[in-house]
Amino acid sequence: MTIRRVLRLLPVVPSILLLLLFLVAPVAWSFYASFTNAALTGKAAQDPQWVGADNYARMFSDDSFPLSAWLTVVFVVASAVVGQNVLGLLIALLMTRSRKVVSSVVGTAVVAAWVLPEIVAAFAAYAYFNRDGALNQLAGIVGVDGVDWLYSFPLVAIILANTWRGTAFSMLVYRAALADVPRDISEAALMDGARGWQRLTFITLPLIRSSITTNLMLITLQTLAVFTLIWVMTAGGPANASTTLPVLAYQEAFKFGDIGYGTAVASVLILLGMVFGAVYVRLLRDRRP
Amino acid sequence: MTTKGLRAREKTTGTTTGGTSRSRARLGADIALAVIGVCFVAPLLWLLLAAVDPQAGYQTKVPSAPSSANFSAVLTPELLFQPLANSLWLSAGTAVVNLLAAVLAAYPLSRYQSRFNKPFMYTVLFGTSLPVTAIMVPVYGLFVQLQLLDSMAATIFFMATTTLPMAIWMTKNFMDSVPLELEEAAWMDGASAMTALRRIVLPLMRPGLGVVFIFVFIQAWGNFFVPFILLLSPGKQPAAVSIFSFFGQHGAIAYGQLAAFSILYSVPVLLLYALVSRGMGNSFALSGAMKG
């Protein structure tokens with residue numbers, strides 16, 4: 001009987017093997033290598049030495065790590081928590097009131113930026129924020145002199161670009177959530193004389209609270225990992241002004257060949273992901289009856 | 001107050017005062033949405049216009065002499081077909097490996113009660129939160145150690161693993177909606193669990209499997225960072241990576257060709273998305289984790 005029970009679980013084995021080899025092992029190796037001076041080339045590549053917490057000590061004495069940790073926080077908060085989340089909710093709310101044609105056309109436009117391959121979206125954003133690009137052309141029409149966004153305000157440009165690219169996800173989440181809000185409740189509030197924003201803050205938002213937290217969790221994690229968009233638009237520059245943690249880890253490991261230090265940065269990022277992941281799993285578990 | 005009473009009340013007030021204010025609110029919402037929509041389309045206009053403009057730059061302008069020159073310039077085996085074939089290989093391979101592993105894993109999780117199920121599912125869910133860009137440095141190290149760099153097969157297995165947690169959740173949710181009674185009849189007739197899975201469960205959840213397959217395929221098709229790190233030879237690189245050769249190689253940028261290539265490369269995923277979104281009410285990506 002017990003053998004049969006174990007045999008029943010056999011089909012799970014391929015998945016477990018894949019996850020162990022390609023997800024768990026790299027994470028474990030990352031934590032290990034972050035305590036060595038492993039390198040891409042040279043002597044340290046053949047025979048990496050254990051250096052203890054040197055890489056982590058360097059991280060906090062180095063200027064580039066605190067800066068890029070700060071840039072990552074600004075990037076995630078501004079483009080995900082504020083940008084994608086608030087804009088996504090706003091669009092979903094407007095859609096409940098607007099004509100069906102308008103909401104489906106605009107919905108398609110928003111989703112298009114999200115469905116396009118990341119690198120194509122990144123090129124489009126690069127062209128848009130370019131000195132000769134559409135944004136400055138629009139500014140020119142209104143009579144404002146354009147600036148070189150990617151050079152003077154690189155972080156602003158990537159925040160706007162990531163908001164543009166990712167808002168569709170929040171919009172879809174909130175559209176589904178709002179569709180589940182019973183009409184009777186908001187209509188009752190309308191009858192009781194509640195104004196639009198009162199209905200929103202006291203009725204609609206509390207009702208979709210669990211969707212809001214789940215959405216915030218997911219988009220935070222997605223934005224934390226954004227690399228391609230930044231790499232194509234600014235490559236982290238100028239002078240590290242848009243180097244978030246994934247870009248820093250990539251540069252240290254592959255451009256400067258310092259695998260040890262690169263994995264230390266990556267390990268911090270993995271730890272961050274794990275913390276958010278644990279909160280996310282808790283949230284989903286608690287929501288169950 | 002009962003809901004019936006409310007509806008009746010709403011009807012009477014709706015015709016007198018609600019009518020005009022509601023249509024005004026609707027007009028406001030339409031205008032606000034339209035403005036947002038224009039902002040979202042604006043960055044994409046450049047792609048469309050530059051693709052048909054032989055003299056394209058970064059400016060967004062209607063081409064003075066539109067032509068299909070950019071498209072014919074990129075329609076060569078070396079520039080377009082080989083990278084697209086590589087993309088197809090990578091994405092289809094990833095989706096097949098992923099779906100096989102996910103279906104096998106989902107079956108016992110969906111069909112048998114076990115005290116391992118819940119912890120396993122939550123561990124898998126936790127796995128979906130790992131930032132993939134963060135594990136690329138260690139994965140590169142692992143691939144060097146195992147001498148797997150530049151291997152299409154190894155890249156496929158890695159890409160399949162990164163989407164596997166999400167796929168297991170989605171597949172299990174779809175499988176849970178196939179009633180167990182149908183298999184019990186087959187078991188009575190002496191069919192094994194795997195036979196029941198193949199003959200009864202899978203055919204019934206075909207639309208769900210299609211959604212998972214397309215979901216994984218789209219993700220792999222758009223993946224730039226993983227093949228960028230793990231595949232070295234130009235002959236193996238997918239379109240997501242080879243597109244870089246239009247961008248600043250030897251200092252000159254072929255803007256129009258870049259745009260034309262981008263469009264040709266994007267069309268397959270746009271079509272696939274349209275295919276699933278129609279059936280799934282635009283929320284296919286969320287059907288896995290959001291249900292909880």
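None of these values were measured; they are calculated from a predicted model. Every chain is numbered from 1, with letters handed out A, B, ... down the list of sequences.
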Checklist entry - So, A:Arg97 side chain and B:Arg26 main chain: donor-acceptor pair closer than 3.5 Å or not? => result no
Checklist entry - Does the side chain of A:Val226 reach to within under 4.5 Å of the side chain of B:Phe225, using non-hydrogen atoms? => result no
Checklist entry - Does a side-chain heavy-atom distance below 4.5 Å link B:Pro138 with A:Trp29? => result yes
Checklist entry - By a 4.5 Å heavy-atom criterion (distance strictly below it), what part of B:Ala42 contacts chain A: side chain, backbone, both, or neither? => result both
Item to check | Which atoms of B:Leu197 approach chain A - backbone, side chain, both or neither, heavy atom under 4.5 Å | outcome: neither
Checklist entry - Just by distance, do the side chain of B:Thr94 and the backbone of B:Ala220 share a donor-acceptor pair under 3.5 Å? => result no
Checklist entry - For A:Trp164, does its backbone N or O pair with a side-chain atom of A:Thr167 as donor and acceptor, under 3.5 Å? => result no
Checklist entry - Between B:Phe244 and B:Phe224, is the ring centre distance below 6.0 Å? => result yes
Item to check | Leading residue by heavy atom contact count with chain B [cutoff under 4.5 Å; candidates A:Leu269, A:Ile119, A:Asn136, A:Ile16] | outcome: A:Ile119
Checklist entry - Which bit of B:Tyr255 is near chain A, if near means a heavy-atom gap under 4.5 Å: side chain, backbone, both or neither? => result neither
Checklist entry - So which of B:Val137, B:Val144, B:Val269 has the largest heavy-atom pair count under 4.5 angstrom toward chain A? => result B:Val137
Checklist outcome for this item: Okay, B:Ala154 and chain A: the region with an atom under 4.5 Å from a heavy atom over there is backbone
Checklist entry - What part of B:Val103 is in contact with chain A, defined as an atom under 4.5 angstrom from a non-hydrogen atom: side chain, backbone, both or neither? => result neither
Item to check | Which atoms of B:Phe261 approach chain A - backbone, side chain, both or neither, heavy atom under 4.5 Å | outcome: neither
Next on the checklist: Quick check on B:Tyr107 against chain A: is it the side chain, the backbone, both or neither that has a heavy atom closer than 4.5 Å?
Outcome noted: neither
Checklist entry - Tell me, side chain or backbone of B:Leu130 under 4.5 Å from chain A's heavy atoms, or both, or neither? => result side chain
Next on the checklist: Counting heavy-atom pairs under 4.5 Å with chain B, which one of A:Leu23, A:Leu21, A:Leu272, A:Leu224 comes out on top?
Outcome noted: A:Leu23
Checklist entry - Given that the side chain runs from C-beta out, which part of B:Ile263 has a heavy atom under 4.5 Å from chain A: side chain, backbone, both or neither? => result neither
Checklist entry - Side chains of A:Leu160 and A:Phe129: closer than 4.5 Å at any heavy-atom pair? => result yes
Checklist entry - Ring centroid separation for A:Phe254 and A:Tyr250, is it under 6.0 angstrom? => result yes
Next on the checklist: Taking side chain as everything from C-beta outward and backbone as N, CA, C, O, which of these in B:Ala160 sits under 4.5 Å from a heavy atom of chain A? Side chain, backbone, both or neither.
Outcome noted: neither
